[in-house]
**Q** 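The structure follows.
Chain letters run A, B, ... following the sequence lines, proteins first, then strands; residues in each count from 1.
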2 protein chains.
Amino acid sequence: MDRIDRKILDLLAGDSRLTGEQLGERVGLSPSAAHRRVKALEESGAILGYRARLSNAARGNPSTVFVHVTLTDQRQATMLAFEKALAQTPLVAETYLMSGESDYLLKVLVRSDDSYERIHREILSALPGVQRLVSQFTIRTLNGGE
Amino acid sequence: MDRIDRKILDLLAGDSRLTGEQLGERVGLSPSAAHRRVKALEESGAILGYRARLSNAARGNPSTVFVHVTLTDQRQATMLAFEKALAQTPLVAETYLMSGESDYLLKVLVRSDDSYERIHREILSALPGVQRLVSQFTIRTLNGGE
DNA sequence: GCGAGCATGCGCATCGGGGTCCCGGCAGAG
DNA sequence: CTCTGCCGGGACCCCGATGCGCATGCTCGC
């Protein structure tokens with residue numbers, strides 16, 4: 001993992017369809033050498049996979065809701081059960097275990113043709129051990145926010 | 001944009017390296033027809049591009065910090081200046097204009113070899129019109145969180 | 001109401017480009 | 001000196017890209 005590998009990772013993170021030749025000329029290698037680097041990065045696990053980036057419209061114009069969750073207690077079993085149930089809730093895009101007041105922060109993508117009330121009920125019923133649940137709505141997404 | 005197109009978008013969002021043949025057999029089309037669909041989706045703007053997904057280690061083991069920002073006022077000019085400066089701050093991965101107490105929510109990726117204090121100063125000095133700034137740290141990222 | 005014409009989307013065939021793999025060369029370390 | 005790791009170059013093959021003919025369904029005019 002040298003400077004060239006990092007450059008290749010940066011380039012592929014921006015556009016994974018770059019050809020071996022294009023990669024080669026940007027990092028100063030031949031196409032075959034650049035391609036070998038890529039294969040090695042895939043096999044080492046540095047590159048997890050390749051994804052298409054979709055437009056907002058294609059994703060159903062979702063809006064983002066941040067949900068702060070407080071559990072009934074902080075025993076290992078409670079947290080584990082919560083996290084396990086979370087992994088099977090496709091509405092939740094990202095989850096963070098937080099320091100400070102609330103225990104977890106969930107980033108939920110709500111499609112514009114869904115009502116948040118339904119999502120709220122669904123999340124509450126699917127997740128065990130929830131004591132309190134505070135939702136924070138976005139008006140607009142400026143940057144990133146897949 | 002019919003059911004087949006949506007299926008194709010779902011599949012490519014998961015793995016953009018699926019071949020025309022693989023796509024075709026999963027949506028019930030010939031390879032060429034599936035490929036034509038993909039090209040059309042690219043040209044219509046539904047597919048914005050293709051990206052490599054990198055491992056946490058390859059990204060420098062960043063941890064996520066959520067920063068709640070309150071501006072000095074809510075005049076159009078103040079918000080515009082803030083947003084404009086934000087667009088040129090690469091540390092900030094995502095930005096949301098929020099309803100409720102704080103005005104903006106920033107998702108900041110801090111590389112493990114950076115100190116947050118430096119980031120904090122950098123953000124404060126780069127962004128105009130900030131009145132209050134509350135940071136919320138993550139202990140662990142469970143799911144997603146690109 | 002009905003038929004002709006056109007548009008849309010399919011499968012099949014073909015062509016070119018890039019992925020893939022092997023080989024030979026070279027530099028650095030032991 | 002030899003071995004190892006990495007590079008460049010070339011051959012092969014598969015996949016992406018595109019043109020062609022055909023079926024289906026819709027529209028418009030009679």
**Q** With DNA chain D as reference, determine whether A:Arg17 or A:Ala33 sits nearer its 5' end, using the nearest nucleotide of each.
**A**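 In this pair, the answer is A:Ala33.
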**Q** Please name the residue in the list A:Leu124, A:Leu127, A:Leu106 that meets the side chain to side chain contact (heavy atoms under 4.5 Å, CB included) test with A:Leu133.
**A** A:Leu124
**Q** Is the ring centre of A:Phe137 less than 6.0 Å from the ring centre of A:Tyr116?
**A** yes
**Q** Linking I/L/V/M/F/W/Y whenever any side-chain heavy atoms sit under 4.5 Å apart, do B:Tyr50 and A:Val38 land together?
**A**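 Different clusters: B:Tyr50 never reaches A:Val38 through Ile, Leu, Val, Met, Phe, Trp or Tyr contacts under 4.5 Å.
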**Q** Base of C:dG19, side chain of A:Arg36 - is there a donor-acceptor contact under 3.5 Å?
**A** no
**Q** Rounded to the nearest Å, what distance is computed from the CG atom of residue A:Leu18 to the C1' atom of nucleotide C:dG19?
**A** 15 Å
**Q** Let's test your reading of the model: under 3.5 Å, does the base of C:dC12 pair with the side chain of B:Ser32 as donor and acceptor?
**A**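 Between C:dC12 and B:Ser32, which were checked side chain against base, a qualifying N/O pair under 3.5 Å is present.
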**Q** Return the value, rounded to whole Å, for the distance between atom CG of A:Leu41 and atom P of D:dC6.
**A** 12 Å
**Q** Is any NZ, NE, NH1 or NH2 atom of the basic residue among B:Arg132 and B:Asp103 found under 4.0 Å from an Asp or Glu carboxylate oxygen of the other?
**A**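 No.
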**Q** So which nucleotide from D:dT18, D:dC15, C:dC10 ends up closest to the side chain of B:His35?
**A**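 The closest nucleotide is D:dT18.
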**Q** Is it true that A:Tyr104 and A:Phe82 have ring centroids separated by less than 6.0 Å?
**A**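 Distance test on ring centres: under 6.0 Å, yes.
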**Q** To the nearest Å, give me how far apart CG (B:Leu23) and C1' (C:dG11) are.
**A** 17 Å
**Q** Please determine, for the side chain of A:Arg37, which listed nucleotide (D:dA17, C:dG11, D:dC6) has the closest atom?
**A** D:dC6
**Q** Starting at CD1 of A:Ile4 and ending at C1' of D:dG8, how long is that distance when rounded to a whole Å?
**A** 14 Å
**Q** Which of these nucleotides, D:dT18, D:dC15, C:dC10, is closest to any side-chain atom of B:Thr19?
**A** D:dC15
**Q** Roughly, in whole Å, what's the span from CD in A:Glu21 to P in C:dG19?
**A**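 Atom-to-atom, A:Glu21 to C:dG19, this comes out as 9 Å.
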**Q** NZ of B:Lys39 versus C1' of D:dC15: gap in Å, rounded?
**A**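 These atoms are roughly 13 Å apart.
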**Q** Where the side chain of B:Ser30 is defined as all heavy atoms beyond and including C-beta, which of D:dA17, C:dT20, C:dG11 is the nearest nucleotide?
**A** C:dG11
**Q** Calculate the interatomic distance between A:Ile8 atom CD1 and D:dC6 atom C1'; express it in whole Å.
**A** 13 Å
**Q** What is the distance, to the nearest angstrom, from the CG atom on A:Leu12 to the C1' atom on C:dG19?
**A**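 That distance rounds to 14 Å.
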